[in-house]
2 protein chains.
Amino acid sequence: MTDFAWYGLSVLPKQRQDQIVRALRADGAGGVKALAAQLGVSEATIRRDLESLHEQGRLTRVYGGALAVDGGDEPFAEVSAVRTDEKDRVARKAAELIEDGESILLDIGTTALQLAKQLHGRSVTVVTSNLAVLEELQNDEQIELIILGGFVRRSYRSLVGYLTEESLRQLHVNTLFLGTSGVRPDGRVMDSTMIEVPVKRAMIQAADRVVLLADASKFPGHGVAKVCEPGELTMVVTEPDADEATRAQLAEAGVQVVLA
Amino acid sequence: MTDFAWYGLSVLPKQRQDQIVRALRADGAGGVKALAAQLGVSEATIRRDLESLHEQGRLTRVYGGALAVDGGDEPFAEVSAVRTDEKDRVARKAAELIEDGESILLDIGTTALQLAKQLHGRSVTVVTSNLAVLEELQNDEQIELIILGGFVRRSYRSLVGYLTEESLRQLHVNTLFLGTSGVRPDGRVMDSTMIEVPVKRAMIQAADRVVLLADASKFPGHGVAKVCEPGELTMVVTEPDADEATRAQLAEAGVQVVLA
DNA sequence: AAAGAAATGAGTGAATATGACGGACTTTGC
DNA sequence: GCAAAGTCCGTCATATTCACTCATTTCTTT
């Protein structure tokens, strides 16, 4: 146990247990593995915490994790087990592209959140307007976290507006990981909401590399607003069963297409 | 008693214990090691202080340190009970100062969080760098919520840095509700950490009215860094048993002193 | 000035917290 | 059903914190 200098500086046991209860209230449920990563302790410690909290009646212990006490009876299948679903594979592949010490910018949406979950314990600087990412990485001491300002958009758990754009003009990062509602057959990246587009454009301006994260369902896809031309992308991470014609179109525009 | 003991080198036990309580209210929790370093005494002394304060009910002793009495998530039984604790009274009084439709800026710290809890269902615009406030108001559809950008400061659950200051320059609000580590006898507002001071100053610049929230334990109080002169405040909300001399000093500087 | 009281810091064995490991158990996919 | 994967629950070694004692310093009282 070499890294125990953390102990004194880090959270107190009781404090961490409060954080567990808070996290469960936010999400409704939490897996042992996820909580361990989020709070930066071992799974054994999380199990002990969950047992203690269960005895106190502050949560309900279930196989694989715990549920919030008042959080209803939703199936636990979703938080439990491995669930190697598409977005997860893409996110894992994307995480491999990041070197320790780098700074990255995470777009809004669940794809970027999946990527954030892969970053626990890594020494990286994360910049984001994604409130779900904030919650996920809030307690990870290893990660330098920077939040862009902006108006809270509850339905998307994101920050938008001129404040967000202005914040982006003050920063520069190595890599942007961009989400999308769909990539059109001609390779143009689209989004479903107009309001996010200026923010995404500002993000592109603030990064050296632009990596688009898009599972197969986004190829080809639609959207009301154009975010950028394919030429502005450095790389696209997607899946083997993504539409080939669109992939070829992207490759032609000089974009490196990586399959997860 | 030697008069010079007051001037910095040595601190009276009672004074130090007040500082501990204040430090906990600011952070929510504190480790024995951290408190010992911060106050310049041995861990043994801190433990004795914590035990004494715990018996007085001024904090909750936990393994490794202590928690603020109202900090974190306590058992539900206590939450539902009648709570007329100091910060709550101050927060309620402060909430009465806000008109529907106004925009307000909330400082970091638990005092501002208490105020945020009073705002549920109100039609107000809330601007903040306080991550605890974000969590509290995140799901309240009625409230327009704006987050300032910045570096995440985990121990204080706040955002700091030039991004935060820059964000503040883009905004203007009706009222700022400011927290503090203590108000000196001459009325100057102090803070315990240097790094927050530029942000607090920028907040003052961004508001028409500046309201200081300070329970009785902050009167008089100390801090390493000066945030502002009393003349920069519009109003102070505190309690009837706050030090009268300090209150008089504030009134003389043209500050309206409101008792909760 | 001297004696007494209170506070402090250091040291020690006991108690608590943590992480790793292995065998028993549960869930999942076939 | 069965096998595989994942999860749990003991146990142990180690690091940290605690309660206690005692000597020293500091403050108060006589």
Side-chain angles (χ1 to χ4, degrees), chain A residues 1-20 24 29-56 59-67 73-86 88-89 92 117 120-121 139-142, chain B residues 1-20 24 29-56 59-67:
Chain A
M1 245 127 293
T2 48
D3 296 337
F4 251 80
W6 290 87
Y7 195 93
L9 299 172
S10 188
V11 262
L12 305 170
K14 290 281 186 284
Q15 221 179 346
R16 184 189 54 237
Q17 295 181 2
D18 288 345
Q19 288 176 351
I20 290 175
L24 291 186
V32 171
K33 193 168 283 183
L35 289 168
Q38 192 174 337
L39 300 179
V41 295
S42 72
E43 298 180 22
T45 299
I46 293 295
R47 290 203 181 91
R48 275 183 281 246
D49 283 343
L50 293 185
E51 186 189 356
S52 161
L53 290 167
H54 179 65
E55 283 173 7
Q56 295 172 42
L59 53 76
T60 305
R61 184 77 162 92
V62 296
Y63 192 88
L67 307 174
D73 331 324
E74 54 250 279
F76 189 64
E78 291 168 335
V79 296
S80 168
V82 261
R83 268 296 190 243
T84 29
D85 84 306
E86 305 81 20
D88 227 39
R89 279 215 308 279
R92 259 197 291 274
K117 287 182 178 173
H120 282 295
N139 296 308
D140 195 315
E141 309 275 344
Q142 201 67 28
Chain B
M1 166 191 339
T2 46
D3 300 357
F4 293 96
W6 287 86
Y7 280 85
L9 290 179
S10 152
V11 180
L12 298 175
K14 178 80 173 88
Q15 258 182 320
R16 186 187 53 239
Q17 295 182 0
D18 288 344
Q19 288 178 349
I20 290 174
L24 290 186
V32 171
K33 193 169 284 182
L35 289 168
Q38 190 179 331
L39 300 178
V41 294
S42 72
E43 298 181 20
T45 300
I46 294 294
R47 290 202 180 89
R48 274 183 281 247
D49 284 342
L50 294 186
E51 186 189 358
S52 161
L53 289 167
H54 178 68
E55 283 173 6
Q56 296 171 42
L59 52 76
T60 305
R61 182 76 162 92
V62 297
Y63 191 90
L67 305 175

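Only heavy atoms go into these numbers, but all of them, side chains included; no hydrogens, no water, no symmetry mates. Throughout, a chain's letter reflects where its sequence line sits, starting with A, and its residues are numbered from 1.
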Whole-Å gap separating [atom2] ([N]) and [atom1] ([X]):
X	N	atom1	atom2	result
B/Glu51	D/dC20	CD	C1'	11 Å
A/His54	D/dC9	NE2	P	10 Å
B/Ile46	C/dA7	CD1	C1'	13 Å
A/Lys14	D/dC18	NZ	P	11 Å
A/Leu39	C/dG19	CG	P	11 Å
B/Leu35	C/dT8	CG	C1'	17 Å
B/Asp49	D/dT17	CG	P	17 Å
B/Leu50	C/dT8	CG	P	13 Å

>> With nearest nucleotide decided by heavy atoms, which residue, A/Arg47 or B/Arg47, maps closer to the 5′ end of DNA chain D?
In response: A/Arg47
Nearest listed nucleotide, side chain of [X], among [options]:
X	options	value
A/Arg48	C/dT8, D/dC8, C/dG19	C/dG19
A/Arg61	C/dG19, D/dT17, D/dC9	D/dC9
A/Thr45	C/dT18, D/dT7, D/dC18	C/dT18
A/Tyr63	C/dT8, C/dC25, D/dT17	C/dC25
A/Ser42	D/dT7, C/dA10, C/dG19	C/dG19
B/Arg16	C/dT18, C/dG9, C/dT8	C/dT8

>> Set out, in order, the CA-CA distance, both residues' side-chain angles and the distance that settles salt bridge (Lys or Arg N to Asp or Glu O under 4.0 Å) for A/Lys14 and A/Asp18, then state yes or no.
In response: CA-CA 6 Å; A/Lys14 290 281 186 284; A/Asp18 288 345; over 6 Å; no
>> Using side chain to side chain contact (heavy atoms under 4.5 Å, CB included), reason through B/Ile46 and B/Leu39 one step at a time and then give a plain yes or no.
In response: CA-CA 9 Å; B/Ile46 294 294; B/Leu39 300 178; 4.1 Å; yes
> Under 4.0 Å between a side-chain N/O of B/Lys33 and OP1 or OP2 of D/dT16, yes or no?
Replying inline: no
>> Using a strict threshold of under 4.0 Å (side-chain N to carboxylate O), is an ion pair present between B/Glu43 and B/Arg47?
In response: yes
>> Check whether A/Arg61 reaches the backbone of A/Gly65 with its side chain - one donor and one acceptor, N or O, closer than 3.5 Å.
In response: yes
> Considering residues at least two apart in sequence or located in another chain, which fulfil the side chain to side chain donor-acceptor pair (under 3.5 Å) criterion with B/Gln17?
Replying inline: B/Asp49
